[in-house]
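Each remark here refers to the structure printed beneath this line.
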Amino acid sequence: MKEGDQLLDAGHFLRPQDLGGLMALGITHVRVAARPRVAIISTGDEVIPPELTPGPGQVRDVNTYTIAGLPPVQAEFHWLKDNRGRLRIAFSATRVALETADMLVISAGSSVSTRDLTADVVE
């Protein structure tokens, strides 16, 4: 590296080896952006926490953990059953969730089943 060379691209997720490289060059301060805070609402009567054993017609919640594991997500989780009233209350409360989160991801509940109410409630 020579003086003036760009070390890392804008938006680069700093890894341990990047921090070590910066320290080796005597760069002890860098400008960074905070990880986005994401509120995740997972819906569905069939969705259960991963520590439970699924019964007939049930599936372990995969989407919430997959979304939360994407860098650079910092996640907050909410689980809801397929119930129009509860969904309306929860979605009305998204203002509260968005006071502490940068974005909201709603997983499931928008397919073709009569019990998939998410799209209707959001509309």
So which atom in [X] and which in [Y] form the shortest heavy-atom distance, rounded to 0.1 Å?
| X | Y | answer |
| --- | --- | --- |
| Ser107 | Ile67 | CB-CD1, 4.3 Å |
| Gln58 | Ile48 | NE2-CG2, 3.5 Å |
| Ala101 | Ala39 | CB-N, 3.7 Å |

For the residue pair [X] and [Y], establish whether any side-chain heavy-atom pair is separated by less than 4.5 Å.
| X | Y | value |
| --- | --- | --- |
| Val30 | Leu22 | yes |
| Leu8 | Leu14 | yes |
| Val47 | Ser42 | yes |
| Leu87 | Thr43 | yes |

Inset, instruction - Kindly state each residue pair satisfying side-chain hydrogen bond (donor to acceptor under 3.5 Å, both in side chains) with at least one member in residues 19-32, sequence neighbours excluded. - result: none
Legend entry - Any pair counted as salt bridge (charged side-chain N to carboxylate O under 4.0 Å, His left out), so long as it reaches residues 8-30, sequence neighbours left out: Arg15-Asp18
Legend entry - Pairs involving residues 48-57, ordered by first then second residue, that meet salt bridge (charged side-chain N to carboxylate O under 4.0 Å, His left out) (sequence neighbours left out): none
Atom [atom1] in [X], atom [atom2] in [Y]: separation rounded to 0.5 Å?
| X | Y | atom1 | atom2 | result |
| --- | --- | --- | --- | --- |
| Arg35 | Asp102 | CZ | CG | 11.5 Å |
| Asp61 | Glu46 | CG | CD | 10.0 Å |
| Met103 | Ile40 | CE | CD1 | 10.0 Å |

Donor-acceptor under 3.5 Å ([X] side chain, [Y] main chain):
| X | Y | value |
| --- | --- | --- |
| Arg60 | Pro50 | yes |
| Asp82 | Asp45 | yes |
| Asp5 | Leu7 | no |

Legend entry - Pairs involving residues 36-67, ordered by first then second residue, that meet ring-ring contact (aromatic ring centres under 6.0 Å, His included) (sequence neighbours left out): Tyr65-Phe77
Legend entry - Partner residues of Asp120 under the side-chain contact (heavy atoms from CB on, under 4.5 Å) criterion, sequence neighbours left out: Arg84
Inset, instruction - Could I get the full list of side-chain contact (heavy atoms from CB on, under 4.5 Å) partners for Val62, not counting sequence neighbours? - result: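 Residues passing side-chain contact (heavy atoms from CB on, under 4.5 Å) with Val62: Thr66.
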